[in-house]
Amino acid sequence: MDKTYFLTQSTALSLVIVICLIFLSFGIYYSKNYQGLKNYLTANRNIGFLSLTTSLTASALGAWILFGPASAATWGGLGAVIGYSLGTAFPMFFFIYLGKKIRKEFPQGSTLIEFLRKKFGKSLFKLILLMTIFYMFIFLCAEVTAVAVLINYISGTDLWFTALIVLLCTLTYTLYGGLKASILTDNIQMFVIGSLLLISLIYILSFTGSKFSFDFVKEKNPHLLSGSYLPGYTSGLTFFIAVAATNLFHQGNWQRIYAANDYKTLKKSLILSFLIIVPIVFFMGFTGLIGFSLNSSIRPDLSFFYLLLNEQAIFLSIVIIILGLALTISTVDTLINAISSLIIVDGKATFEFKKKTNYINFSKYIIVFLSVISFVIASYGFDILYLFLLADLFCCAFVLTVFYSFYNKIDEKNAYISIIIGLIFGFLFFPSPDFSKSLLVGILLSKEIFSPFISQSLLFLSFIIATFLPFLVLKAQKIKF
């Protein structure tokens with residue numbers, strides 16, 4: 001039997017095309033008067049409080065919030081929801097201190113890698129650059145795939161069509177207008193996102209009534225709220241560490257730190273962004289708790305849609321499509337410009353081409369190439385969660401060593417050693433795709449010799465080890481070659 005969809009394909013396709021063209025038009029029209037490398041990389045360092053706040057928030061909230069937090073809540077409970085919320089927002093708080101330092105010591109900079117080149121030698125920064133681009137590329141794939149799957153779920157539209165339209169429109173205005181265009185469209189997209197999330201909340205409350213509460217979850221699935229539920233703690237810490245670590249390496253955030261017209265503006269924007277992000281991600285995770293309590297057989301990552309598409313399905317399907325597109329495009333344009341800026345600023349020191357190279361054009365070729373790969377991945381609907389977790393592991397192994405260097409001098413060789421040791425031991429516990437075993441637990445050694453906590457908490461242990469072991473190695477300073 002054919003599946004019944006909420007909207008016709010023609011309606012969904014029209015929405016996708018119109019919404020994408022609207023954002024493209026705004027991006028091109030506004031940025032045509034703000035050309036030049038300074039605008040492309042740092043928006044001429046004159047972004048004010050409101051624009052910076054909406055841009056930071058919109059860039060942080062991708063289409064993943066429609067799926068990830070709700071899914072995590074169904075097995076990690078309240079702890080996972082809290083960890084996801086704080087992990088997403090925590091970098092904003094951290095950037096208050098890091099941003100002040102990096103703007104003071106390197107006022108004409110535009111990338112994190114550019115700053116780290118001054119801290120380390122000629123090779124470690126290349127490894128950090130590669131890791132950063134890899135993480136943002138995976139993020140790009142995840143966002144395009146998520147919105148393609150969303151439109152397919154609503155209307156049955158082929159995945160490739162949504163992916164193609166979103167990528168073409170976003171590439172067009174972002175590669176033309178750079179950060180200036182990205183920030184302008186973020187302002188518009190954040191208004192759309194905020195309005196539609198409010199509409200969604202109102203309808204969900206009207207549909208679920210008193211069931212949208214902690215009491216209802218406690219009645220149906222008390223373990224998800226229990227203080228003795230161990231997965232709540234491990235999953236909460238896992239998501240907090242993974243999401244926070246990766247966002248600290250997000251070049252889009254660092255561009256906006258440099259784009260603020262002064263530090264006072266930056267600080268206020270970061271604080272307000274933190275206060276906006278936490279309740280939004282918490283709300284999305286809470287829909288997972290409610291949806292699972294209402295119907296434990298639903299797909300965990302579809303809890304938000306299960307609650308919302310209860311009545312008035314046509315109107316609310318349109319709301320979801322516009323919301324999903326705004327969330328996706330606001331993140332994708334940030335990622336495109338972020339990767340491009342890294343190649344422009346750090347490309348010469350990294351690639352060391354002999355002949356004179358136009359790194360702006362070179363960055364655009366790289367972006368188009370990565371976008372083609374993202375299009376293929378999204379067209380086939382590949383599940384890239386596992387690859388995303390792998391990228392998270394890399395960021396975890398780098399995070400403390402890199403940001404410890406902001407305040408303490410670290411020898412490049414010692415930094416290399418600490419990162420590699422963190423990666424090796426993190427990989428030993430990193431779970432297989434089915435999460436049943438790891439290289440150490442279940443392959444090299446039998447699972448039976450490990451405690452149930454270890455065999456059931458592989459992802460948590462791999463992130464904890466990869467994050468904190470490098471710091472312990474640095475502090476010990478006992479390894480000599």
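Looking at Gln255, its side chain does come within 3.5 Å of a backbone N or O of Leu41 through a donor-acceptor pair. Although no hydrogens or angles enter the test, the distance criterion places a donor-acceptor pair under 3.5 Å between the side chain of Asn253 and the main chain of Asn247. The main-chain N or O of Ile336 is never found under 3.5 Å from a side-chain atom of Ser340 such that the two would form a donor-acceptor pair. No donor-acceptor pair under 3.5 Å is formed between the side chain of Tyr229 and the backbone N or O of Gly76. Remark: side-chain polar atoms of Ser51 are not paired, donor with acceptor, to backbone N or O of Ile47 under 3.5 angstrom.
To the nearest 0.5 Å, the span separating CG on Leu124 from CG on Leu129 amounts to 11.0 Å. To the nearest 0.5 Å, atom OH of residue Tyr416 and atom CD1 of residue Ile421 are 14.5 Å apart. Rounded to the nearest 0.5 angstrom, Leu56 CG and Ser269 OG are separated by 6.5 Å. Atom-to-atom distance recorded for Tyr258:OH and Thr42:OG1 is 10.0 Å, nearest 0.5 angstrom. Taken from CG in Leu98 to CG in Leu112, the straight-line distance is 9.0 Å, to the nearest 0.5 Å. The structure places OG1 of Thr170 at 12.0 Å from CD1 of Ile367, a figure rounded to the nearest 0.5 Å.
Under the 3.5 Å distance criterion, with hydrogens and angles disregarded, no donor-acceptor pair is assigned to the side chains of Ser71 and Asp301. At a cut-off of 3.5 Å, with distance as the only test, no side-chain donor of Ser330 or Asp186 sits close to an acceptor on the other residue. For the residue pair Ser457 / Thr234, no side-chain donor-acceptor distance below 3.5 Å is found, with atom types taken as modelled. Residues Asp215 and Ser213 bring no donor and acceptor atom of their side chains to less than 3.5 Å of each other. Side chains of Asn39 and Ser31: no donor on one and acceptor on the other come within 3.5 Å. A donor and an acceptor atom, one from each side chain of Asp346 and Thr111, are located under 3.5 Å apart. For the 3.5 Å distance criterion, the side chains of Thr334 and Arg256 qualify, holding a donor opposite an acceptor. Judged by distance alone, the side chains of Thr174 and Asn337 never bring a donor and an acceptor atom under 3.5 Å apart. Counted by atom type alone, Thr53 and Ser273 present zero donor-acceptor pairs between their side chains at under 3.5 Å.
If you look at Phe304 and Phe67, their ring centroids are not closer than 6.0 Å. Here Trp254 and Phe249 keep their ring centres 6.0 angstrom or further from each other. Between Phe305 and Tyr153, the distance separating the two ring centers is shorter than 6.0 angstrom. Ring pair Phe90/Phe274: centre-to-centre distance not below 6.0 Å. Aromatic rings of Tyr135 and Phe394 (six-membered ring for Trp) have centroids beyond the 6.0 Å cut-off, not under it. A distance below 6.0 Å separates the ring centres of Tyr97 and Phe93. Residues Phe430 and Tyr386 bring their aromatic ring centres within 6.0 Å. For Phe460 and Phe429, the gap between ring centers reaches or exceeds 6.0 Å.
With a 6.0 Å radius and a threshold of 12 heavy atoms from other residues, nucleotides or ligands, Tyr407 has its OH atom above the threshold. Within 6.0 Å of NZ in Lys126 there are more than 12 heavy atoms belonging to other residues, nucleotides or ligands. Within 6.0 Å of NZ on Lys220 lie no more than 12 heavy atoms contributed by other residues, nucleotides or ligands. Counting heavy atoms of neighbouring residues, nucleotides and ligands inside a 6.0 Å radius, atom NZ of Lys364 exceeds 12 of them. Remark: Tyr380 OH is loosely packed, at most 12 non-hydrogen atoms of other residues, nucleotides or ligands lying under 6.0 Å away.
Each of Leu342, Ile113, Leu335, Ile133 was evaluated against Gln251; a single residue qualifies, Leu342, per the side-chain contact (heavy atoms from CB on, under 4.5 Å) test.
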Open item on the list: Could you go through Thr88 and Phe240, starting from their C-alpha distance and side-chain angles, then the distance that decides it, and tell me whether this counts as side chain to side chain contact (heavy atoms under 4.5 Å, CB included)?
Closed with: CA-CA 7 Å; Thr88 306; Phe240 177 82; over 6 Å; no

Task: Evaluation steps, side chain to side chain donor-acceptor pair (under 3.5 Å), between Asn187 and Ser55 - done: CA-CA 6 Å; Asn187 298 161; Ser55 185; 5.5 Å; no

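No salt bridge links Lys413 with Asp411; every basic N to acidic carboxylate O contact stays at or beyond 4.0 Å. Asp262 has no carboxylate O lying under 4.0 Å from a charged side-chain N of Arg103, or vice versa, which leaves the two without a salt bridge.
Using cut-offs of 30° and 60° for the angle between ring planes, the Phe403 and Phe94 rings count as perpendicular. Note: Phe212 and Phe283 have tilted aromatic rings, judged against thresholds of 30 and 60 degrees for the angle between ring planes. A tilted orientation is assigned to the rings of Phe239 and Trp75, their planes being inclined by 30° to 60°.
Taking the centre and axis of the six-membered ring of Phe406, the NZ or CZ atom of Lys101 falls outside the cone set by 45° and 6.0 Å.
Contact check for Ser235 versus Tyr84: no side-chain heavy atoms found under the 4.5 Å cut-off.
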